[in-house]
Amino acid sequence: GKRNMDALSEEEKRLFPLKTVTSVVSLFESILKRTTEPDLALLSIIVGCIENTLTCNQQILSGAKSTVITTTVDETSEKLLAIPPVRKEDDFPEIEWPIVEALYVKFRAVIKSSVDVTQYGCSEFATRELVKKVSDVIWNTLTRSYYKDRAHLQSLYSYLTGNKLDCFGVALAVVAGCQVLGFNDVHLALSEDHAWVIFGLDGKETAEVTWHGKGNEDKRGQPVDAGIQARSWLYVSGNPVICSRFTEVASLVSSINPSITATTDSLEVASMQQALLWVLYDTGHLTRYPMALGNLADLEELSPTPGRCHCGQLFSQAIEVARRCYGNSHVYPYTYQGGYFYRNRMYKEALESWANAADAIRSYNYSREDEEIYKEFLEIANELIPFVMKVEGSGHSARSILKDSECFAHLLRFYDGICQWEEGSCTPVLHIGWAKPLVNTISKFDSQVRRHVVISCSEVAEEDTPATKPPEGKAEFHRENLDANANQVVLPWPLAKEQEQEERLVDSHVGGKTADQK
Ligand SMILES: CC1(C)CN=C(N2CCN(c3ncnc4sc(CC(F)F)cc34)CC2)S1
């Protein structure tokens with residue numbers, strides 16, 4: 001029969017105008033169930049339209065009545081349309097299909113009219129030149145200069161209505177553009193703070209398609225090998241999340257931003273994002289995506305979904321995935337979990353998560369484009385841990401963590417990881433600003449506690465080192481199994497599992513390896 005060339009089936013169109021979270025969930029479920037790949041442009045326009053309508057045209061009046069005043073951007077104040085202060089949780093302003101369809105058609109037209117695919121060979125696979133050309137089309141249609149870090153610039157709705165995209169948004173737009181041109185081998189590769197694409201036979205080629213950070217020359221068109229060789233966290237040692245079309249949908253859902261102001265979120269947008277993440281979770285598309293699992297866990301902590309697992313399990317699942325699938329080269333799964341423990345006053349557990357985060361960073365060399373993770377560790381070391389020391393400061397209760405040698409061992413492992421991260425790096429990490437809080441923190445621990453932590457050195461231990469039990473009551477800081485050139489601290493997980501239980505910590509001077517030995 002006639003192939004339905006429309007973006008949506010008649011049944012899916014009948015879900016419009018979209019007015020509730022339920023209708024958006026039904027639409028996504030229907031699209032994800034299809035035999036054909038989901039259309040990234042269409043889905044990005046839909047969620048971007050809802051997000052931007054609900055977060056960019058709103059002002060919240062301060063004061064008792066939490067009246068939400070909705071204005072379109074160019075309306076002047078006297079024309080404010082006051083709407084009832086209390087709205088049903090999942091009410092949206094109505095999203096009409098013709099609006100979405102027009103933007104979708106516009107994106108396809110911009111891409112198809114700007115790229116003459118016959119100039120790029122006749123292979124079914126994309127070439128580096130084709131990928132670079134699509135990146136140039138997006139790049140050259142962006143507004144000349146705008147505040148790149150602003151919120152709500154990640155979707156094709158932002159691109160098509162305002163010609164603005166953030167770093168991630170450009171990468172997503174390039175992959176969506178390649179999908180329009182029929183190059184289904186082009187996929188998103190996601191590290192913890194950057195995005196690029198893979199393409200070609202077996203997805204073996206890589207290409208930068210967007211910029212990163214401030215004041216860094218963009219490397220668009222180049223492969224990412226240099227970043228991986230430099231061992232910078234930005235390229236996660238060559239362990240990015242390699243997306244399929246479905247994980248690309250998960251990334252555009254995960255990048256939904258419900259914030260209206262720095263202190264106010266749109267409940268409707270947040271509950272839509274949470275519901276869509278559960279749809280992707282249930283269809284298995286978050287299985288290898290730690291940050292999306294962490295995102296969902298944060299949303300569940302704020303507003304638990306009845307009948308779903310506790311958010312703590314999602315943080316743990318993200319860590320398991322990072323260990324099993326990404327060589328424990330991701331840091332954020334641990335700082336997601338540490339943040340959760342910290343917010344819930346579970347300070348011993350938080351210290352352990354942060355020590356695990358430091359274990360993940362230790363085998364990298366700090367590079368100038370790794371500022372985001374540097375700021376993360378700086379905040380933990382100079383804000384969060386000092387706060388924990390302050391509130392535990394009384395230390396009179398026997399149970400205070402200041403009397404707990406395992407906590408002291410976590411702290412040592414945290415700092416040791418950061419020190420090793422710095423070793424062999426061209427850019428220094430620690431400076432005097434770190435030293436004051438460090439000294440203050442270490443000295444808060446009882447001398448009796450410090451005495452119990454056995455500091456010993458373990459050279460490269462054999463794989464089958466019998467896991468010796470520490471003497472009763474002693475915690476050890478233990479780092480072993482540095483492989484030959486010690487560029488990866490690889491703990492056999494059964495040992496680490498046991499270690500996590502026993503907290504065996506024995507400091508080792510091997511951390512002082514010289515640069516070339518790293
Ligand atoms: C523990 C944290 C500080 C809390 N939020 C964190 N995020 C880390 C970044 N987030 C992400 N969440 C889902 N997917 C991606 S892909 C990516 C890199 C970008 F350049 F493409 C970032 C990111 C979400 C928020 S880490």
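Ligands are counted one by one from 1 in listed order, and the atoms in each one are counted from 1 as well.
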Participant: With a 4.5 Å heavy-atom cut-off, do C167 and H194 have their side chains touching?
Facilitator: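 Yes - at least one pair of side-chain heavy atoms lies under 4.5 Å apart.
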
Participant: Taking only heavy atoms of the protein into account, state which residues are under 4.0 angstrom from an atom of ligand 1, in chain and number order.
Facilitator: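 Within 4.0 Å of ligand 1, protein side: F168, L190, S191, E192, D193, H194, A195, S254, Y289, M291, N295, Y332, T335, Y336, E376.
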
Participant: Under the side chain to side chain contact (heavy atoms under 4.5 Å, CB included) rule, collect the residues that match up with S135, sequence neighbours excluded.
Facilitator: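 For S135, the residues satisfying side chain to side chain contact (heavy atoms under 4.5 Å, CB included) (neighbours in sequence not counted) are V174, V209, R220.
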
Participant: Tell me every residue that passes side chain to side chain contact (heavy atoms under 4.5 Å, CB included) with A358, counting only those two or more places apart in sequence or in another chain.
Facilitator: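 Testing A358 for side chain to side chain contact (heavy atoms under 4.5 Å, CB included), a comparison that skips the adjacent residues, returns F377, F414.
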
Participant: With ring-ring contact (aromatic ring centres under 6.0 Å, His included) as the criterion, how do W421 and Y366 come out once you've worked through the C-alpha distance, each side chain's angles and the decisive distance to 0.1 Å?
Facilitator: CA-CA 6 Å; W421 179 28; Y366 181 55; 4.9 Å; yes

Participant: Only counting residues at least two apart or in another chain, list the ones meeting side chain to side chain contact (heavy atoms under 4.5 Å, CB included) with S353.
Facilitator: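 Here the qualifying residues are Q337, F341.
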
Participant: Is it true that a side-chain atom of S26 and a backbone atom of T22 form a donor plus acceptor pair closer than 3.5 Å?
Facilitator: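 Yes, S26 side chain to T22 backbone: donor-acceptor pair under 3.5 Å.
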
